[in-house]
Amino acid sequence: MEKIQEVNRGPRETIKDRQRIVVKIGSSSLQHEQTGDLDYIRLEKLVRELCDIRNQGKDVILVTSGAIAAGKKAVGIREITESTKVRQMAVKQACAAVGQARLMMVYQKIFGEYNQVAAQILMTKNTIVDDLNRFNAHNTFTQLLQMGVIPIVNENDTVATYEIEIGDNDTLSAIVAALVEADLLILLSDIDGLYTDDPRRNPQASFIPQVNELTEELLAMGKGSTGSDVGTGGMNTKLQAARIATSSGVDMVIANSRDIGVLHRILDGKEEGTLFVARRDESFDLPDFVSHLHRQ
Ligand code: GLU
């Protein structure tokens, strides 16, 4: 009887049963477009939604961007104008060091208001590629979740340079979802989901509510898309995230962060955003995949 019901429930319905959920929010969703300052109302709503999911007994992990943006704002830099790549990297890293601490301060404060304990985990490529590092990271996440803590994850931008950087938080969040054996990843972005073309440039572009298989054609569609100018993730990085997540057995949804309430609607099985249905690929090797990131 139960089996028949499971067959009859579509992939949206079964989202209600997901137990371990990773939510990623991008820089552009966390700040006011006009000033670059943090959008406290949106942050507050995000934290409230996450605490409510935790109160339902589910495991929650937040992957958040915004460190570099918050740091730039704090030290009064609009653009990084240094002439050499080395200098640009140094400024970016310094801004991340300032901004990550500020970001955590705000998160800790709001999570504290809901009596929820949060932790910080900063990662680089080596966290996954190195066997001992990966083992330790996995243990730490597992222990935190067992203790009912919400891990808050970002790339360790202060030390991440091209040879150890993952590069964007869409990819990072999918890596985290695979590492912790999550069963759902939600990418909150400034777009509604996947379209056949960039809807900002092509009014004919149509919305794709569900992707059952990531074909080469689909992956090619994301190439060259840029997204907003604040974070680093365009559609390309989102499709790469979908590849990592679905191959690792994790469903993924891209949804618009305009209304943070979208989080509980997704978890209620509502048709929001684009759902990429998990298709575990036994040949997918996470450390190997990560070791080849950015090596063209
Ligand atoms: N890790 C970067 C930051 O916190 C953002 C990367 C991204 O937006 O994808 O500023």
Side-chain angles (χ1 to χ4, degrees), residues 22-33 35-39 42-43 46-47 61-80 82 88-108 118-128 137 151-177 179 185-191 222 225-245 252 254-257 290 293-294:
V22 178
V23 175
K24 180 256 168 179
I25 187 138
S27 310
S28 63
S29 307
L30 291 176
Q31 61 189 66
H32 288 286
E33 208 183 324
T35 59
D37 280 318
L38 285 175
D39 183 337
R42 192 127 21 135
L43 265 166
L46 171 71
V47 170
I61 295 172
L62 172 65
V63 176
T64 182
S65 307
I68 298 171
K72 274 160 92 178
K73 194 73 204 173
V75 296
I77 294 178
R78 282 187 90 85
E79 301 272 330
I80 298 182
E82 305 296 312
Q88 285 169 11
M89 180 65 87
V91 173
K92 195 190 96 172
Q93 289 173 319
C95 288
V98 173
Q100 180 64 31
R102 292 204 158 204
L103 204 56
M104 278 312 290
M105 197 171 68
V106 176
Y107 276 122
Q108 293 283 21
Q120 171 183 261
I121 298 192
L122 300 178
M123 297 171 59
T124 65
K125 208 165 162 177
N126 287 344
T127 315
I128 299 298
I152 303 180
V153 186
N154 197 357
E155 181 150 17
N156 196 352
D157 297 309
T158 301
V159 297
T161 47
Y162 67 93
E163 75 288 2
I164 58 159
E165 80 176 1
I166 293 162
D168 70 90
N169 279 8
D170 294 328
T171 309
L172 174 65
S173 63
I175 291 171
V176 168
L179 177 72
L185 165 64
I186 303 176
L187 298 186
L188 291 177
S189 179
D190 52 5
I191 42 161
S225 81
T226 46
S228 70
D229 55 2
V230 223
T232 29
M235 199 36 86
N236 199 18
T237 58
K238 290 181 178 54
L239 289 173
Q240 170 155 275
R243 161 111 197 271
I244 299 169
M252 183 182 115
I254 302 176
N256 203 317
S257 65
V290 174
L293 281 176
H294 297 299

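In each ligand, atom 1 is the first atom listed, and ligand 1 is the first ligand listed.
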For ligand 1, indicate whether the residue A67 contacts it via side chain, backbone, both or neither (heavy-atom separation under 4.0 Å). both
So if I count the atoms of ligand 1 from 1 in the order they appear, which ones are less than 4.0 Å from some heavy atom of D168? 9 (O)
Is there a nitrogen or oxygen of G66 sitting under 3.5 Å from a nitrogen or oxygen of ligand 1? yes
With rounding to the nearest 0.5 angstrom, report the OG1 to CD distance, T64 to E155. 13.0 Å
At what distance, to the nearest 0.5 angstrom, does CG of L179 lie from CE of M123? 6.0 Å
Residue pair V176 / K24, side-chain heavy-atom distance below 4.5 Å: no
Ligand 1 to S65 polar contact by distance, N or O atoms, under 3.5 Å: yes
S65 OG to L172 CG distance, which is reported to the nearest 0.5 Å: 8.5 Å
Got L62 and L46 here, is their nearest side-chain heavy-atom distance under 4.5 Å? yes
Using heavy atoms and a threshold below 4.0 Å, how should the contact between N169 and ligand 1 be classified: side chain, backbone, both, or neither? both
A69 to ligand 1: N or O pair under 3.5 Å? no
Where does D157 meet ligand 1, judged by heavy-atom distances below 4.0 Å: at the side chain, the backbone, both, or neither? side chain
Check whether any side-chain N or O of Q100 sits under 3.5 Å from a backbone N or O of A67 as a donor-acceptor pair, and report yes or no. no
Below 4.0 angstrom from a heavy atom of S27, which ligand 1 atoms are there? Numbered from 1 as shown, please. 8 (O)
What do you reckon, does N154 have a nitrogen or oxygen under 3.5 Å from a nitrogen or oxygen of ligand 1? yes
With a 6.0 Å cut-off (strictly less than), is the heavy-atom count around CZ of R42, excluding the residue itself, greater than 12? yes
